[in-house]
Asker: 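Next up is a structure, given as structure tokens.
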Amino acid sequence: MKEAYFPQEIEKKWQKNWEDNKVFKTEDESDKPKFYALSMFPYPSGKLHMGHVRNYTITDVIARFKKMNGFNVLHPMGWDSFGLPAENAAMKHGADPEKWTVENIAYMTKQLKMLGLSYDWDREVTTCKPDYYKWTQWLFLQLYKKGLAYKKEAAVNWCDECGTVLANEQVIDGKCWRCDHVVEKKYLSQWFLKITDYAEVLLEDLDKLKGWGDNVKTMQANWIGKSQGAIFRFPVVDAPSGEKMEVPVYTTRPDTVYGITYLVVAPEYADIEKLTTAENKETVEAYRANARKMTEIERLSTERIKTGVPLGTHCKNPFTGEIFPLWTADYALAEYGTGAVMAVPTHDERDFAFAKKYNLPMKVVIQNSENPSDCEHEAYTDEGILVNSGEFNGMKNTEAKKAITQKAVDEGFGEFKTQYRLRDWLISRQRYWGAPIPVVYCDKCGIQPVPENQLPVMLPKDVDFSVVGKSPITTSKTFKDPVCPVCGGHAVRETDTMDTFMCSSWYYLRYADAKNDKECFNKDKVNHWLPVDQYVGGIEHAILHLLYSRFITKALRDCNLLDFDEPFKNLLTQGMVLKDGSKMSKSKGNTVDPDEIFENYGADTARLFILSDSPPARDFDWSDAGVEGCYKFLNRVWRLLWLNHKNTDFSKDYDLSDVKEKDNDDLIRTVHIAIKGITNDISNDYQFNTVISKYRELVNAIYDWVNNKNKGFYIDEYKNTYNFAVKTLIRLMAPVAVHLTEEAWHELGGEGSIHAQEWPVWDENLAKASSITLVVQINGKVKDKIEADEALGQEELKALALSSEKIKELTAGKTIVKTIVVPKKLVNIVVK
RNA sequence: GGGCAUGUGGUGGAAUGGUAGACACGCCAGUCUUAGGAACUGGUGCUAACGCGUGGGAGUUCGAGUCUCUUCAUGCCCACCA
């Protein structure tokens with residue numbers, strides 16, 4: 001063993017050793033219980049950033065801890081490697097997206113290995129490789145067969161200058177990222193997945209996820225956006241065509257139905273033309289054309305003053321017989337509810353603003369005597385009693401919701417309705433670097449799925465990335481015009497690719513059986529390994545990735561491909577890595593390159609530091625001084641080990657059976673306290689920051705002991721105590737300082753890899769101090785502290801407290817009302 | 001506007017309702033050094049002191065950083081969803 005700590009040398013040596021010996025390979029068969037530890041796999045953008053380092057270190061420590069605790073651990077890694085940046089790089093530099101991606105993966109793999117992560121690389125998955133996307137396509141076809149994938153017209157972002165569709169991320173302030181042209185909405189035929197079929201169960205099952213944070217669950221619940229309300233159908237009294245028409249609306253406020261003074265339909269409302277009179281046709285058309293041109297940002301801005309135009313036609317309120325006008329206004333959303341809204345200006349802020357602007361009538365139908373409102377200056381949206389509401393007058397509005405809807409049901413013009421905000425998932429992308437959607441369009445037979453034995457539909461290589469106005473994939477000469485699988489006639493191939501979230505919605509299943517080339521995964525293997533026992537990743541995926549994955553899991557269960565219904569049992573969302581108080585980013589110039597840290601301090605320092613200062617879920621502020629401090633600590637540990645190496649015979653097993661001397665006894669207790677504390681801190685929400693402070697406490701205690709006992713190394717009893725302390729220390733530190741502890745283990749004569757050792761266990765009798773400090777309070781304020789034997793009973797503690805000179809002094813002349821004794825801890829004397 | 005989270009020394013942060021500030025960073029002093037660094041030792045919430053202290057205000061309790069209500073501030077997410 002060398003006197004000085006050379007992390008770079010040690011780390012390289014052990015990384016090679018672990019790789020050569022496949023130390024972290026996971027076998028499916030084992031009599032140990034399974035544990036699946038998973039980090040969210042990265043997009044291969046080029047280099048690791050500190051967020052990756054934090055994410056993977058956390059998961060790695062968990063995986064190693066579980067392994068030392070007797071679990072058969074699955075800890076895989078892969079690449080979310082389809083997506084826009086590769087294609088952008090191709091357009092910019094003329095590079096091939098595949099080459100760019102493969103090079104990035106190679107570099108980042110090297111970095112992951114330098115971090116000393118315990119992955120089973122034999123299970124690596126790469127979503128852009130045909131052996132993976134073949135199965136993404138196959139899964140799409142299963143969803144299609146099940147009726148969960150369908151095609152329909154949908155609005156997309158369209159740049160007229162470039163003549164192409166843009167991803168949402170490419171629309172910057174309502175303009176095209178490339179040419180600054182204003183982005184418009186355009187209707188195109190697109191593929192969707194029916195996630196809305198699962199809205200209720202996705203919401204309900206959030207309750208089952210005990211191991212998820214409430215923040216993520218609430219975000220998902222809000223996104224799904226369940227609301228209870230009613231549908232009312234209002235007959236049109238003067239449709240221009242003379243036909244019988246009605247306008248259905250969805251409302252969560254059926255209690256306000258007597259206060260309706262007008263009705264609004266979205267500009268995109270399907271029947272809008274049939275509801276417009278000849279006189280109003282021109283203004284309505286102009287309004288609709290303008291709405292179409294507006295960007296999403298403009299239209300959804302809350303600051304914008306509401307606008308609208310009347311259609312000229314009218315509806316009848318079946319509750320009152322009142323006739324009110326129909327308007328179109330873009331504050332009604334075509335995609336939500338029925339696309340039409342009943343307007344009650346007195347009790348809805350939006351309707352109020354609109355009615356004020358266009359001088360529409362208002363009618364108060366809810367009042368509250370404690371909080372009266374005339375609805376002159378603002379809408380009254382709180383609870384109250386119904387007025388001007390016919391037979392429902394005097395009823396509480398919360399009860400009236402039910403009663404009024406029931407009346408509509410009974411009389412046949414309405415029903416109860418549960419509505420969700422969640423929309424179906426649009427997966428079509430007019431992009432090259434993604435998994436091609438495996439369908440063809442036959443001239444005669446229409447949409448036809450590609451037969452499974454023809455998968456994968458390979459991404460063509462002969463494409464021109466310099467084209468403007470269309471997806472590069474359409475320039476391929478080899479990709480188009482297959483024959484129809486049904487009639488053998490001429491067909492056209494789908495040129496859209498799948499949203500990359502589709503690829504990442506099932507990768508965690510593939511790890512269970514990554515090399516299977518016969519099926520996407522073996523059902524037994526997936527059922528064995530899943531659900532993921534601990535998933536770790538960024539909060540930014542709280543909605544999209546995690547919701548899609550939950551949906552896909554449930555859909556695949558319904559396709560009978562697996563037998564569980566939630567993919568991730570426990571979820572840890574780690575906080576961001578900050579520097580100088582703001583998120584590390586290239587544009588702010590406050591990034592820290594992991595390579596530099598590896599080079600200057602080694603991976604163990606990086607791992608220790610990234611875990612040391614904040615609990616995993618909280619944001620973490622990077623500080624160079626903190627890194628330096630961790631490096632110094634590892635040096636301090638190293639010196640301690642070297643001292644051991646120099647002075648004692650490590651190979652000799654420690655025998656602590658007749659330790660008598662108090663100093664020895666104290667160190668042994670300190671070690672047991674440390675084992676207990678560290679084990680509990682890891683088990684309880686992975687509090688690694690306190691784990692590391694306990695490493696420091698233990699090291700400090702051993703140093704103190706050594707400084708007192710230095711000469712004693714020649715006495716066997718001391719050697720044994722010391723060996724016990726040090727051997728335990730490095731096992732406790734093994735999951736974090738993976739290289740240093742492995743080196744020490746070998747240099748000091750340990751057998752096998754330290755990472756295959758068992759986690760230390762503590763003795764409950766030894767994991768506590770030999771005496772206690774009794775705290776004496778008067779009226780809850782600490783007044784004295786007394787060393788006491790822990791065997792003392794309540795009465796004895798009370799007597800001890802009262803015998804204190806200080807307490808006698810402070811209680812003199814006062815009446816003791818009450819004395820509370822907390823065993824082994826505290827006595828509180830209540831005086832008057 | 002709605003939801004969620006977080007407020008503790010100069011800083012990061014510790015505290016099953018029971019000694020607030022563990023463990024560090026920083027700073028101060030010292031040992032060792034030609035010097036600096038490293039290492040080691042001691043000190044470090046505020047206050048001259050009585051005492052006061054966990055964003056502010058109330059409450060529950062023998063006892064509150066912790067529980068309840070309320071208020072303010074910051075951060076994140078969603079946002080015309082009828």
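Proteins get letters first, then strands, A, B, ... in listed order; numbering begins at 1 in each.
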Asker: Can you check the distance between B/rG3 and B/rC69, where both ends of the measurement are the P atom (answer in whole Å)?
Answerer: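 It works out to 14 Å between them.
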Asker: Once you round it to whole Å, what is the distance between P of B/rA20 and NZ of A/K825?
Answerer: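 So the NZ-P distance, A/K825 to B/rA20, works out to 13 Å.
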Asker: For nucleotides B/rA24 and B/rU47, find the distance between their P atoms and express it as a whole number of Å.
Answerer: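 One P to the other, the span is 25 Å.
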Asker: Base, sugar-phosphate alone, or nothing: which one does A/N700 contact when heavy atoms must sit under 4.0 Å apart?
Answerer: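 Sugar-phosphate, no base atom in range.
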Asker: Heavy-atom distance under 4.5 Å between the side chains of A/Y686 and A/D681, does that happen here?
Answerer: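 A/Y686 vs A/D681: side chains apart.
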Asker: Mind checking if A/S227 touches a base, just sugar-phosphate, or nothing, with heavy atoms under 4.0 Å?
Answerer: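 Since only primed, P, OP1 and OP2 atoms lie under 4.0 Å of A/S227, the category is sugar-phosphate.
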Asker: Between B/rA82, B/rC23, B/rU19, which nucleotide has the shortest distance from any of its atoms to the side chain of A/L333?
Answerer: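 Among the listed nucleotides, the one closest to the side chain of A/L333 is B/rA82.
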Asker: If the P atom of B/rC67 is compared with that of B/rU6, how far apart are they to the nearest Å?
Answerer: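 The same atom, P, in both gives a distance of 10 Å.
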Asker: Watson-Crick or G-U wobble partner for B/rC50, using a 3.5 Å limit on both distances?
Answerer: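 WC or wobble partner does not exist here.
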Asker: Specify the separation, in whole Å, of atom CG of A/L634 and atom P of B/rA38.
Answerer: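 Rounded to whole Å, this separation is 17 Å.
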Asker: Kindly assign one of parallel, tilted or perpendicular to the pair A/F609 and A/W622, based on the angle between their ring planes and the thresholds 30° and 60°.
Answerer: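 A/F609 vs A/W622 ring planes: perpendicular.
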Asker: Mind telling me whether A/Y358 and A/W327 have parallel, tilted or perpendicular rings, with 30° and 60° as the class edges?
Answerer: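 Geometry flag for A/Y358 against A/W327: tilted rings.
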Asker: Between B/rC77, B/rA82, B/rA20, which one does the side chain of A/M219 approach most closely?
Answerer: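 Looking only at heavy atoms from C-beta outward on A/M219, the closest nucleotide is B/rC77.
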Asker: Heavy atoms from C-beta onward define the side chain here; which of B/rA82, B/rG13, B/rU19 lies closest to that of A/T251?
Answerer: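 That would be B/rA82.
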Asker: Could you tell me how far apart A/D624 (CG) and B/rC25 (P) are, to the nearest whole angstrom?
Answerer: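 Whole-Å distance recorded here is 15 Å.
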Asker: Would you say A/Y631 and A/N600 are linked by a side-chain donor-acceptor pair, where the criterion is simply a distance under 3.5 Å?
Answerer: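 Result is no, nothing qualifies.
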Asker: Expressed as a whole number of Å, how far does the C1' atom of B/rA49 sit from that of B/rC27?
Answerer: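 B/rA49 and B/rC27 have their C1' atoms separated by 25 Å.
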Asker: Please examine the side chains of A/E787 and A/T773, heavy atoms only from C-beta on, and report whether any two atoms are closer than 4.5 Å.
Answerer: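 They are in side-chain contact.
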Asker: Are A/F620 and A/L578 packed together at the side-chain level, in the sense that at least one heavy-atom pair is separated by less than 4.5 angstrom?
Answerer: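 No, their side chains stay 4.5 Å or more apart.
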Asker: What integer number of Å spans the P atoms of B/rU70 and B/rU66?
Answerer: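 Going atom to atom, P in each nucleotide, I get 16 Å.
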Asker: Given atom CD1 of A/I539 and atom C1' of B/rG3, what is their separation to the nearest angstrom?
Answerer: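 Taking CD1 of A/I539 and C1' of B/rG3, I get 13 Å after rounding.
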Asker: If anything within 90° of 0 is syn and all else is anti, what is B/rG59?
Answerer: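 Anti, which is what one calls it when the glycosidic angle falls more than 90° from 0.
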Asker: Consider the side chain of A/K785, meaning its heavy atoms from C-beta on, and name the nucleotide among B/rG3, B/rU19, B/rC23 that approaches it most closely.
Answerer: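 Given the options B/rG3, B/rU19, B/rC23, the side chain of A/K785 is closest to B/rU19.
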Asker: Tell me whether the OP1 or OP2 atom of B/rA82 has a side-chain N or O from A/Y336 closer than 4.0 Å.
Answerer: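 Yes.
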Asker: Expressed in angstrom and rounded to an integer, what is the separation of A/E335 atom CD from B/rC80 atom P?
Answerer: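 Rounding to the nearest Å, CD of A/E335 and P of B/rC80 are 11 Å apart.
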Asker: Counting only side-chain heavy atoms from C-beta out, which of B/rA79, B/rG13, B/rA22 sits nearest to A/W223?
Answerer: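 Closest nucleotide to the A/W223 side chain: B/rA79.
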Asker: Is the backbone of A/G780 close enough, under 3.5 Å, to the side chain of A/N828 for a donor and an acceptor to pair up by distance?
Answerer: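 Yes; judged by distance alone, with no hydrogens or angles, the pair exists.
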Asker: Which nucleotide, B/rC4, B/rA15, B/rA79, lies nearest any side-chain atom of A/R421?
Answerer: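 For the A/R421 side chain, the nearest candidate turns out to be B/rA79.
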Asker: Over how many whole Å does the gap from A/E787 atom CD to B/rU19 atom C1' extend?
Answerer: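 After rounding, the gap between these two atoms is 12 Å.
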Asker: At under 4.0 Å, does any side-chain N or O of A/N689 touch on OP1 or OP2 of B/rA14?
Answerer: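 Answer is yes, contact under 4.0 Å.
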Asker: Across the strands shown, which category fits A/K694 at heavy-atom distances under 4.0 angstrom: base, sugar-phosphate, nothing?
Answerer: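 Since no nucleic acid heavy atom lies under 4.0 Å of A/K694, the category is nothing.
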Asker: Do A/E200 and A/I224 have side chains that get closer than 4.5 Å, going by heavy atoms?
Answerer: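 Side-chain contact under 4.5 Å: no.
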Asker: Across the strands shown, which category fits A/Q687 at heavy-atom distances under 4.0 angstrom: base, sugar-phosphate, nothing?
Answerer: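 Answer is sugar-phosphate: A/Q687 comes under 4.0 Å of backbone atoms only.
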Asker: Under 3.5 Å between N/O atoms: give me all the protein pairs with nucleotides 59-68 of chain B, atom names plus distance.
Answerer:
| residue | atom | partner | partner atom | Å |
| --- | --- | --- | --- | --- |
| B/rC62 | OP1 | A/K818 | NZ | 3.3 |
| B/rC62 | O2' | A/N828 | ND2 | 3.4 |
| B/rC62 | O2 | A/N828 | ND2 | 2.5 |

Asker: Provide the Watson-Crick or G-U wobble partner of B/rA22, both distances under 3.5 Å; none if there is no partner.
Answerer: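 None - no nucleotide pairs with B/rA22, as no candidate has both distances under 3.5 Å.
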Asker: Would you verify whether the NZ or CZ of A/K306 falls within 45 degrees of the ring axis of A/Y331 while also being under 6.0 Å from that six-membered ring's centre?
Answerer: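 Yes; both conditions hold, so A/K306 lies above the ring face of A/Y331.
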Asker: Report the residue (A/V775 or A/R618) whose heavy-atom-nearest nucleotide on RNA chain B is the more 5′ of the two.
Answerer: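 Its nearest nucleotide being more 5', the pick is A/R618.
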Asker: Please tell me if A/S614 has a side-chain N or O lying less than 4.0 Å from either OP1 or OP2 of B/rG13.
Answerer: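 Yes, within the criterion.
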Asker: So which nucleotide does B/rA35 pair with, by the Watson-Crick or G-U wobble rule with both distances under 3.5 Å?
Answerer: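 Pairing partner: none.
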Asker: Of all the choices, B/rA82, B/rG13, B/rU19, which nucleotide is nearest to the side chain of A/V341 once you look at every atom?
Answerer: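 Of the candidates, B/rA82 comes closest.
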Asker: Side chain of A/D613, heavy atoms from C-beta onward: which of B/rG12, B/rC23, B/rU19 has the nearest atom to it?
Answerer: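 The closest nucleotide is B/rG12.
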Asker: Name the closest nucleotide to the A/R639 side chain, picking from B/rC4, B/rC23, B/rA39.
Answerer: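 My answer, after comparing the listed nucleotides, is B/rA39.
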Asker: Going by purine N1 to pyrimidine N3 plus the second Watson-Crick contact, or the G-U wobble pair, all under 3.5 Å, which nucleotide sits opposite B/rC27?
Answerer: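 Paired with B/rG43.
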Asker: When you measure from the side chain of A/R636, which nucleotide among B/rA15, B/rC40, B/rA82 comes out closest?
Answerer: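 Between B/rA15, B/rC40, B/rA82, the one nearest the side chain of A/R636 would be B/rC40.
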Asker: In the structure I gave you, are the side-chain heavy atoms of A/I539 and A/V216 within less than 4.5 Å of one another anywhere?
Answerer: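 They are in contact (side-chain heavy atoms under 4.5 Å apart), so the answer is yes.
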Asker: Expressed in whole Å, how much space separates the P atoms belonging to B/rG1 and B/rC46?
Answerer: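 One P to the other, the span is 40 Å.
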Asker: Both distances under 3.5 Å, Watson-Crick or G-U wobble: report the partner of B/rA82, or none.
Answerer: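 Looking at the geometry, B/rA82 pairs with no nucleotide.
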Asker: If I pick the P atom on B/rG26 and the same atom on B/rU71, what distance separates them, to the nearest angstrom?
Answerer: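 Each nucleotide's P atom is 42 Å from the other's.
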Asker: Please report the distance separating the C1' of B/rA15 from the corresponding atom of B/rG21, rounded so that it comes out in whole Å.
Answerer: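 Result for the C1' pair: 9 Å, nearest Å.
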Asker: Expressed in angstrom and rounded to an integer, what is the separation of A/L263 atom CG from B/rA82 atom C1'?
Answerer: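 After rounding, the reported distance stands at 11 Å.
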Asker: Start at the 5' end of RNA chain B and walk down; is the nucleotide closest to A/G626 or to A/E349 reached first?
Answerer: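 Here A/E349 is the residue nearer the 5' end.
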Asker: Quickly, which of A/W223, A/Y548, A/F192 forms a ring pair (Phe, Tyr, Trp, His ring centres under 6.0 Å) with A/W425? Name it, please.
Answerer: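 In the set A/W223, A/Y548, A/F192, the residue that makes a ring pair (Phe, Tyr, Trp, His ring centres under 6.0 Å) with A/W425 is A/Y548.
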Asker: Only pairs with both distances under 3.5 Å count, Watson-Crick or wobble alike; so what is the partner of B/rG75 in this structure?
Answerer: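 Because both required distances fall under 3.5 Å, B/rG75 counts as paired with B/rC4.
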Asker: Using whole Å, what does the distance between atom P of nucleotide B/rC78 and atom CD of A/E540 come to?
Answerer: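 After rounding, the reported distance stands at 12 Å.
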